2 protein chains.
Amino acid sequence: MAHIAQLAEVDVSTVSRALADSPRVTVETKERIRKIVEETGYVVNHGARMLRNQMAGQILVILPNIAATFYPEVVLGIEDTAQKEGMSVIIGSTQLDNVREEALAQQLLNGAVDGIILLTGHLPEVLRNFAGIERHIVAVSRSVADISIPYVNIDNEKAFAAAVKHLLAQGYTDIAHIAGPKRSPTAIARIQGYTRAMTEAGLSTFIRVEAAESYDIEAGRLAMQRILSSGPPPRAVACASDEMAMGAIRSTRNEGLRVPEDIAFIGFDDISFAAAFEPALTTIRSPRRKMGELGAQLLIRNLKNPNLKPKSIVVEHQLIVRESCGAKRSKGKTSAPNRDN
Amino acid sequence: MAHIAQLAEVDVSTVSRALADSPRVTVETKERIRKIVEETGYVVNHGARMLRNQMAGQILVILPNIAATFYPEVVLGIEDTAQKEGMSVIIGSTQLDNVREEALAQQLLNGAVDGIILLTGHLPEVLRNFAGIERHIVAVSRSVADISIPYVNIDNEKAFAAAVKHLLAQGYTDIAHIAGPKRSPTAIARIQGYTRAMTEAGLSTFIRVEAAESYDIEAGRLAMQRILSSGPPPRAVACASDEMAMGAIRSTRNEGLRVPEDIAFIGFDDISFAAAFEPALTTIRSPRRKMGELGAQLLIRNLKNPNLKPKSIVVEHQLIVRESCGAKRSKGKTSAPNRDN
DNA sequence: TTGAAAGCGTTACCAA
DNA sequence: TTGGTAACGCTTTCAA
């Protein structure tokens with residue numbers, strides 16, 4: 001920067017102001033400096049800026065399991081925005097281990113990171129009484145129970161109701177629901193969406209919720225086995241995740257039943273392989289990358305403006321009609337694989 | 001740090017040395033300082049350290065396409081190691097756009113990042129004459145042609161030969177190969193592996209390579225269509241990626257042929273959905289996460305030790321036997337989904 | 001509108 | 001073995 005100042009024949013402080021687009025520098029001076037900066041390819045020293053500004057310049061993303069296909073795209077959205085804002089991102093995977101989770105959360109307390117984006121839907125204990133909780137933490141894609149934290153998420157209840165309504169629109173009445181772990185707010189919201197859609201259709205007698213321990217393929221397989229072994233099979237099943245749907249479909253076929261002819265399925269998430277799966281999954285897509293971007297924007301905005309009132313953001317889901325629900329393709333619905341969104 | 005020094009009744013310089021585990025501090029002093037650091041939850045200020053050490057503290061990862069399932073796990077391995085080493089990672093996706101790629105590469109030239117990890121197999125033009133090329137760049141999972149850059153990769157020729165040999169071991173002789181874009185070193189290595197395995201088995205008359213434009217599902221679908229429409233179908237197909245295998249299998253079934261009974265398939269990569277696919281894919285797994293970790297270690301090592309001779313690392317692949325190859329499960333081979341490695 | 005200078009937290013050199 | 005101190009590059013307050 002001293003170099004730039006020399007070339008522009010001004011003081012470093014002027015260069016600094018010019019770069020910050022301060023009104024206390026004439027337009028001509030700014031322009032001259034801007035040109036030199038461009039020519040020299042100068043970039044401000046991140047370390048020096050952070051040192052001066054008393055920020056770590058880092059955001060910590062806490063997610064439950066790196067292996068799950070859902071998260072990477074959210075993370076990439078976060079990275080993208082963070083980078084634009086001059087912050088970097090570090091990732092911590094709890095692997096469902098409490099100790100690891102608390103250790104990660106410590107990083108906010110001791111100032112190693114400026115803020116945390118939670119993808120776990122769970123607030124670490126050590127942060128429960130942290131003063132700046134609303135300014136330094138944002139929950140993305142999984143809301144946190146009990147406590148008010150700004151979040152970015154789809155409306156899970158509405159989204160799942162939309163899934164069920166799509167099955168209803170195919171003429172199915174006996175529709176079961178394979179749900180996520182019953183304590184998670186997300187699972188609860190989806191169960192409510194299911195229940196509401198069924199009730200509104202006057203089908204409350206058909207309501208059947210089979211809760212699983214997790215959202216993975218194996219959980220779906222087991223849940224479907226329980227459903228099939230406990231009486232006459234339902235005509236359709238709404239699953240709380242695509243992975244569950246895949247497991248459940250495998251289960252169903254193992255029993256000699258056809259999908260979607262005997263039992264129709266709808267998943268949730270639109271993970272990248274939902275389209276390649278056989279049968280291709282009808283599902284609800286949430287804008288993963290977008291949620292990551294918005295989450296990072298929200299967090300950084302809160303960090304930079306201590307006086308701003310933290311808010312939450314609800315994003316739109318999208319119904320993706322493919323094969324597993326047994327529908328004729330309706331016009332205007334995309335069925336392309338989820339490349340980005 | 002001044003605070004720590006005060007509590008320990010020493011100078012900040014001593015604290016700094018103690019924290020760096022310098023031999024010029026007595027064990028007792030170190031221990032005393034260590035304790036205080038622990039109690040206070042002190043962490044060194046990243047910005048100050050970077051400022052002082054003249055490093056940006058950032059590694060840039062350049063990858064071709066964030067949507068591809070292969071990369072996120074490599075990136076997470078990189079992040080993990082980088083974090084341990086006190087560096088952060090930023091991610092740039094070229095989306096196959098040259099302009100974007102060159103812009104990203106600029107960041108190394110102007111010092112915004114200390115090093116680059118290339119997952120593209122392609123060295124941006126602007127870096128071609130960069131002096132510190134061997135110290136500041138590492139190629140992971142895709143080697144770079146023409147120019148010597150340290151890399152971390154499996155032995156693609158050997159790995160693909162292993163895939164073909166597995167098909168040979170099932171008794172197939174008429175084995176075709178759906179290959180990646182012919183100019184990529186990776187595709188070439190795999191083609192060589194295929195050719196060698198076939199030749200060594202005395203089956204060179206059966207050699208048939210169908211090159212595709214990319215590694216995705218659609219590319220596999222089209223390549224298989226070309227194969228099927230040009231004469232009697234092969235008995236088995238070795239594909240250069242799992243996604244290609246998925247597309248090719250769909251193509252095959254569309255023609256009324258059974259998999260693996262009429263045509264057997266083997267994929268490559270062991271992406272997370274290879275196990276869930278129907279039929280579950282036999283494939284070659286490369287240790288994605290491990291490669292990311294090693295790549296980051298290698299880069300950071302090179303950055304920190306200007307005098308060290310840059311080296312490359314070859315990691316082991318693993319044959320994963322599942323259903324698509326028509327094999328009886330052989331003992332000792334895992335078929336679990338690729339959760340991590 | 002611009003310049004001068006202090007200070008952010010570290011590290012490394014030199015002195016003791 | 002330890003202490004003192006300059007310097008890293010930036011921002012911001014105060015002065016001009």
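Nothing here was measured: the structure is a model prediction, and the numbers come from that model. Each chain gets a letter, A, B and so on, in the order its sequence line appears, and its residues count up from 1.
Side-chain N/O atoms of B:Thr29 include none lying less than 4.0 angstrom from OP1 or OP2 on D:dT1. Between A:Ser13 and the phosphate of D:dT11, there is no side-chain N or O to OP1/OP2 separation shorter than 4.0 Å.
One finds the CG atom of B:Leu294 at 7.5 Å from the OG1 atom of B:Thr81 (value rounded to the nearest 0.5 Å).
Distances from the side chain of A:Met1 to the nucleotides D:dC10, C:dG3, C:dT10 place D:dC10 closest.
One atom, CG of B:Asn45, and another, P of D:dC8, lie 18 Å apart when rounded to the nearest Å. Distance CD (A:Glu9) to P (C:dT1): 20 Å, rounded to an integer number of Å. A straight line from CZ of B:Arg17 to C1' of D:dG3 spans 8 Å, rounded to a whole angstrom. For the pair A:Asn53 CG and D:dT11 C1', the computed distance is 7 Å after rounding to whole Å. In this entry the distance linking CD of A:Gln6 with P of D:dC10 reads 14 Å, nearest Å. The CG-P distance, from B:Asp21 to C:dT11, rounds to 13 Å in whole Å. If you measure from atom CD of A:Gln54 to atom C1' of D:dG9, you get 15 Å, rounded to the nearest angstrom. The CG atom of B:Asp11 sits 13 Å away from the C1' atom of C:dG9 (whole-angstrom rounding).
Of the residues near DNA chain D, B:Arg52 and B:Val10, the one whose nearest nucleotide (by heavy atom distance) lies more toward the 5' end is B:Val10. Heavy-atom distances to DNA chain C give each of B:Ala48 and B:Arg24 a nearest nucleotide, and the one nearer the 5′ end belongs to B:Ala48.
In summary, B:Arg34 and B:Glu31 engage in a salt bridge, as defined by a charged side-chain N under 4.0 Å from a carboxylate O. In summary, B:Arg32 and B:Glu9 do not engage in a salt bridge, as defined by a charged side-chain N under 4.0 Å from a carboxylate O.
Residue A:Thr26 is classed as a sugar-phosphate contact, given heavy-atom separations below 4.0 Å to backbone atoms only. Among the atoms of the strands shown, only primed sugar atoms or phosphate atoms (P, OP1, OP2) are found under 4.0 Å from some heavy atom of B:Arg49. Within the 4.0 angstrom heavy-atom criterion, base atoms lie near A:Ser16.
Heavy atoms only, all atoms of each residue included: A:Asn302 and A:Pro150 are closest at ND2-CG, 4.2 Å.
B:Ser16 and B:Ser13 share no side-chain donor-acceptor pair at under 3.5 Å.
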